A.B. asks: 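What follows is a structure written as structure tokens; I'll ask about it next.
It should be emphasised that the depicted structure is a prediction, and the values quoted were computed from it without experimental measurement. One-based numbering along the sequence shown.
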Amino acid sequence: QVQLVESGGGLVQAGGSLRLSCVASGRTFSVFYMGWFRQAPGKAREFVGHISASGANTYYADSVKGRFTLSRDNAKNTVYLQMNSLKPEDTAVYYCAAKYGSSSYATYASYDYWGQGTQVTVSS
């Protein structure tokens, strides 16, 4: 079992930045591949990004590529999502998730564990 806790969300103006953190506990963090998803009101949960267990490989949705950056610190059991140049359409609840292996990394159903989410609101 893995527990995931996100933090760092908040209200920011368009063009601003936020850094989300996701701290894991309960199992060896370094074996997990980590993903971030987001869900806006009335919309389906969508893939944001994925980082491999070692941190060597990252993948992003086209909508955030070049603006968002994933990183992780396995010694701190933490994965980070740095979000720059934020847009109003980035407003959503952001969730981190953990899975074994990297297959189907953009598919939320492939993840085994989820955090409770953190709200990000970008004002225009």
Side-chain angles (χ1 to χ4, degrees):
Q1 192 75 6
V2 173
Q3 292 78 43
L4 302 173
V5 179
E6 303 98 332
S7 63
L11 174 64
V12 64
Q13 289 188 331
S17 299
L18 283 174
R19 187 176 80 158
L20 305 184
S21 300
C22 173
V23 179
S25 61
R27 295 290 298 270
T28 303
F29 178 68
S30 60
V31 306
F32 289 101
Y33 293 69
M34 302 297 295
W36 284 90
F37 289 76
R38 66 186 182 186
Q39 188 165 21
K43 295 187 177 181
R45 191 167 298 192
E46 67 170 346
F47 170 73
V48 174
H50 174 90
I51 186 166
S52 62
S54 67
N57 297 302
T58 54
Y59 307 90
Y60 300 95
D62 288 343
S63 59
V64 307
K65 201 172 294 182
R67 300 188 296 123
F68 291 11
T69 303
L70 276 166
S71 62
R72 65 189 294 163
D73 185 339
N74 285 345
K76 295 183 178 180
N77 291 354
T78 304
V79 62
Y80 304 98
L81 180 64
Q82 178 66 45
M83 306 186 295
N84 298 329
S85 302
L86 283 161
K87 304 175 181 180
E89 51 263 44
D90 294 318
T91 295
V93 177
Y94 283 70
Y95 299 90
C96 75
K99 68 191 308 290
Y100 298 98
S102 62
S103 62
S104 303
Y105 61 79
T107 303
Y108 73 84
S110 72
Y111 286 79
D112 301 287
Y113 305 101
W114 289 86
Q116 83 289 347
T118 185
Q119 176 71 46
V120 171
T121 304
V122 184
S123 63
S124 56

A.B. asks: Flag the pair Thr118 / Val93 as yes when at least one side-chain heavy-atom distance between them is below 4.5 Å, and no otherwise.
C.D. replies: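 No - every pair of side-chain heavy atoms lies 4.5 Å or more apart.
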
A.B. asks: Testing the basics here: between Ala92 and Arg38, what is the closest heavy-atom pair and its distance to 0.1 Å?
C.D. replies: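 So the two residues come closest at CB-CB, 3.8 Å.
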
A.B. asks: Report the distance from atom CD of Glu89 to atom OG of Ser63, rounding to the nearest 0.5 Å.
C.D. replies: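 Nearest 0.5 Å value for the CD-OG distance: 9.0 Å.
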
A.B. asks: Give me the atom names and distance for the closest heavy-atom approach of Gln82 to Ser17.
C.D. replies: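 Gln82 and Ser17 have their closest heavy atoms at NE2-CB, 4.0 Å.
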
A.B. asks: Evaluate the criterion side chain to side chain contact (heavy atoms under 4.5 Å, CB included) for residue pair Arg72 and Thr78; output intermediate values, then yes/no.
C.D. replies: CA-CA 6 Å; Arg72 65 189 294 163; Thr78 304; over 6 Å; no

A.B. asks: Is Lys65 positioned over the aromatic face of Tyr60, cation under 6.0 angstrom from the ring centre and no more than 45 degrees off axis?
C.D. replies: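 Not flagged: Lys65 not positioned over aromatic ring of Tyr60.
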
A.B. asks: Specify the closest pair of heavy atoms between Ser30 and Asn74, including all atoms of both residues, with the distance to one decimal.
C.D. replies: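 The answer is CB-ND2, 3.6 Å.
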
A.B. asks: Between Tyr59 and Tyr105, what is the ring plane arrangement, given parallel below 30°, perpendicular above 60°, and tilted in between?
C.D. replies: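 Judged by the thresholds at 30° and 60°, the geometry between Tyr59 and Tyr105 is parallel.
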
A.B. asks: Is it the case that over 12 heavy atoms from other parts of the model lie below 6.0 angstrom from the OH atom of Tyr113?
C.D. replies: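 More than 12 heavy atoms, drawn from other residues, nucleotides or ligands, come within 6.0 Å of this atom.
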
A.B. asks: To the nearest 0.5 Å, what is the distance between CG on Asn84 and OG1 on Thr69?
C.D. replies: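 Those atoms lie 6.5 Å apart.
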
A.B. asks: Considering all heavy atoms of both residues, which atom of Gly49 and which atom of Leu70 are nearest to each other, and what is their separation?
C.D. replies: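 That closest heavy-atom pairing would be C-CD1, 3.4 Å.
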
A.B. asks: Find out whether Val23 and Glu6 are in side-chain contact, i.e. whether some heavy atom of one side chain is under 4.5 Å from a heavy atom of the other.
C.D. replies: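 Answer no - side chains too far apart.
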
A.B. asks: With side chains defined as the heavy atoms from C-beta onward, is the minimum distance between Val120 and Met83 less than 4.5 Å?
C.D. replies: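 A side-chain contact under 4.5 Å exists here.
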
A.B. asks: Going by heavy atoms in the side chains, are Asp73 and Tyr80 under 4.5 Å from each other?
C.D. replies: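 In contact.
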
A.B. asks: Can you name the nearest heavy-atom pair linking Phe29 to Val79, along with the distance?
C.D. replies: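 Nearest pair, atom of Phe29 first, then Val79: CZ-N, 4.1 Å.
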
A.B. asks: Check the hydrophobic clustering (I, L, V, M, F, W, Y; side-chain heavy atoms under 4.5 Å; chains of links allowed) and say if Leu18 and Tyr95 are grouped together.
C.D. replies: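 No, Leu18 and Tyr95 fall in different hydrophobic clusters.
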
A.B. asks: Rounded at 0.5 Å granularity, tell me how far OG in Ser102 sits from CD1 in Ile51.
C.D. replies: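 These two atoms lie 12.5 Å from each other.
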
A.B. asks: What is the minimum heavy-atom distance between His50 and Tyr111, and which atoms define it?
C.D. replies: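 Closest heavy-atom pair between His50 and Tyr111: ND1-OH, 2.9 Å.
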
A.B. asks: Just by distance, do the side chain of Thr107 and the backbone of Ala109 share a donor-acceptor pair under 3.5 Å?
C.D. replies: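 Side chain of Thr107 to backbone of Ala109, a donor-acceptor pair under 3.5 Å: no, none is there.
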
A.B. asks: Within the side chain of Ser52, is there an N or O that forms a donor-acceptor pair under 3.5 Å with the backbone of Asn57?
C.D. replies: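 A pair under 3.5 Å: yes.
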
A.B. asks: CG of Leu4 to CG of Asn77: how many Å apart, nearest 0.5 Å?
C.D. replies: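 So the CG of Leu4 and the CG of Asn77 are separated by 10.5 Å.
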
A.B. asks: Among the clusters formed by ILVMFWY side chains lying less than 4.5 Å apart, do Trp114 and Tyr94 turn up in the same one?
C.D. replies: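 Trp114 and Tyr94: separate clusters.
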
A.B. asks: Are any non-hydrogen side-chain atoms of Lys99 and Met34 less than 4.5 angstrom apart?
C.D. replies: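 The answer is no; the side chains never approach within 4.5 Å.
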
A.B. asks: Could you check whether any side-chain heavy atom of Arg19 comes within less than 4.5 Å of a side-chain heavy atom of Leu81, counting everything from C-beta outward?
C.D. replies: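 No. Closest side-chain heavy atoms not under 4.5 Å.
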
A.B. asks: Nearest 0.5 Å please: distance from the OG atom of Ser110 over to the OH atom of Tyr33.
C.D. replies: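 Ser110 OG to Tyr33 OH: 12.5 Å, rounded to 0.5 Å.
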
A.B. asks: Using a 4.5 Å cut-off on heavy atoms from C-beta on, say whether the side chain of Glu46 contacts that of Gln39.
C.D. replies: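 Gln39 does not reach Glu46 side chain to side chain.
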
A.B. asks: Is NZ or CZ of Arg45 both nearer than 6.0 Å to the six-membered ring centre of Phe37 and within 45° of the ring axis?
C.D. replies: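 No, Arg45 and Phe37 do not form such a contact.
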
A.B. asks: Taking atom CD of Gln13 and atom OG of Ser123, what is their separation to the nearest 0.5 Å?
C.D. replies: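 Interatomic distance, Gln13 CD to Ser123 OG, rounded to 0.5 Å: 5.0 Å.
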
A.B. asks: Kindly determine whether Phe68 and Trp36 satisfy ring pair (Phe, Tyr, Trp, His ring centres under 6.0 Å), including the steps that lead there.
C.D. replies: CA-CA 11 Å; Phe68 291 11; Trp36 284 90; 9.8 Å; no

